[in-house]
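Data first, discussion second: the structure below is written as structure tokens.
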Amino acid sequence: MRSSGLDGIRPEPGQPIVVLTGAGISKESGLDTFRDADGIWSKVRIEDVATYEAFAHDPRRVHAFYNERRRGLLNPTVQPNAAHRALARLERDWPGQVLVVTQNIDDLHERAGSKNLIHMHGELFKVACEHCRAVLEWREDLSRDMRCPDCSRAAGLRPHVVWFGEMPLEMERIYQALGAAGLFVSIGTSGNVYPAAGFVSEIRAQGTPSIELNLEPSEGTSLFTRAIHGPASQVVPAFVDNLLVR
Ligand code: APR
């Protein structure tokens with residue numbers, strides 16, 4: 001039986017910490033997860049809205065899917081929760097680097113104050129131009145006929161979101177950080193989607209301790225040194241308090 005404390009896995013002050021987050025950390029902020037019973041993929045098919053082929057086949061439908069999610073994220077009731085805020089506090093107060101690698105395309109980590117942050121699956125509030133490769137802030141609905149503000153060409157703007165079959169962003173920087181980590185923390189992710197789901201195996205192979213903070217055991221839970229299960233807004237602040245106490 002794994003103990004639930006940090007004894008034996010607490011990193012030394014100065015050692016870097018890498019935190020992977022998934023949709024579960026934003027659930028209590030009012031954003032749907034993907035694979036829970038009421039999740040996004042229970043309402044729409046990945047192959048209809050989250051692949052490049054889907055976008056080429058029916059751009060209007062794909063734009064509608066992301067426009068709805070972008071509007072949802074703009075809803076003032078959607079705010080960072082105590083888990084996002086705890087990670088920002090960890091980055092501020094831990095005597096060593098803290099990197100948050102999020103699979104989420106929401107901006108709740110930024111709004112909570114996290115600065116050292118990688119969105120490996122892109123960002124809902126950005127668009128990319130297929131003509132000139134510009135990546136631009138974008139908060140309103142997007143449609144195929146809109147012109148790129150940089151190159152003025154139409155029919156080239158897409159959500160700056162990594163679709164299934166596409167390469168996630170900043171993988172080299174992520175693997176470098178994992179290689180140097182003194183502790184790997186995984187929060188609110190089911191461990192279903194690679195390469196993120198494989199990070200814990202890399203960490204295990206190099207002998208670095210790891211902990212899963214999730215509502216329930218993820219697919220890869222047995223690979224973690226430690227696991228604490230419960231709602232992120234409760235288990236993450238408690239974890240950060242425990243880590244910061246000296
Ligand atoms: N607190 C903590 N964990 C929670 C909470 C909560 N309040 N609510 C749900 N969870 C957990 C679920 O138990 C589940 O393990 O969050 C996890 C969410 O898993 P998924 O819905 O699969 O989301 P995620 O792991 O982020 O998906 C990864 O898949 O569809 C793609 O690109 C998409 O980035 C996404 C990727």
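Both ligands and their constituent atoms are indexed starting at 1 by order of listing. Below, each value reflects all heavy atoms present in this structure, side chains not excepted, and no hydrogens, waters or symmetry copies.
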Query raised in the report: So which residues, sorted by chain and number, lie with a heavy atom under 4.0 Å of ligand 1?
Result: Gly22, Ala23, Gly24, Lys27, Glu28, Thr33, Phe34, Arg35, Asp36, Trp41, Gln103, His121, Phe164, Gly188, Thr189, Ser190, Val193, Asn214, Leu215, Glu216, Gly230, Pro231, Ala232

Requested in this report: Give a yes or no on whether a salt bridge exists between Asp107 and Lys126, defined as a side-chain N under 4.0 angstrom from a carboxylate O.
Outcome: no

Query raised in the report: Think Arg226 forms a cation-pi with Phe239, using NZ or CZ under 6.0 Å from the six-ring centre and within 45 degrees of its axis?
Result: no

Report summary line: Residue set satisfying ring-ring contact (aromatic ring centres under 6.0 Å, His included) with Phe34, at least two apart, ordered chain then number -> Trp41

Query raised in the report: Should Asp106 and Arg111 count as an ion pair when the cut-off is N to O under 4.0 Å?
Result: no

Report task. Kindly state each residue pair satisfying side-chain hydrogen bond (donor to acceptor under 3.5 Å, both in side chains) with at least one member in residues 161-176, sequence neighbours excluded. Result -> Tyr66-Trp163, Asn116-Arg173, Arg158-Glu166, Glu170-Arg173

Requested in this report: Report the residues that fulfil side chain to side chain contact (heavy atoms under 4.5 Å, CB included) with Arg85, sequence neighbours left out, ordered by chain and then residue number.
Outcome: Ala82, Ala112

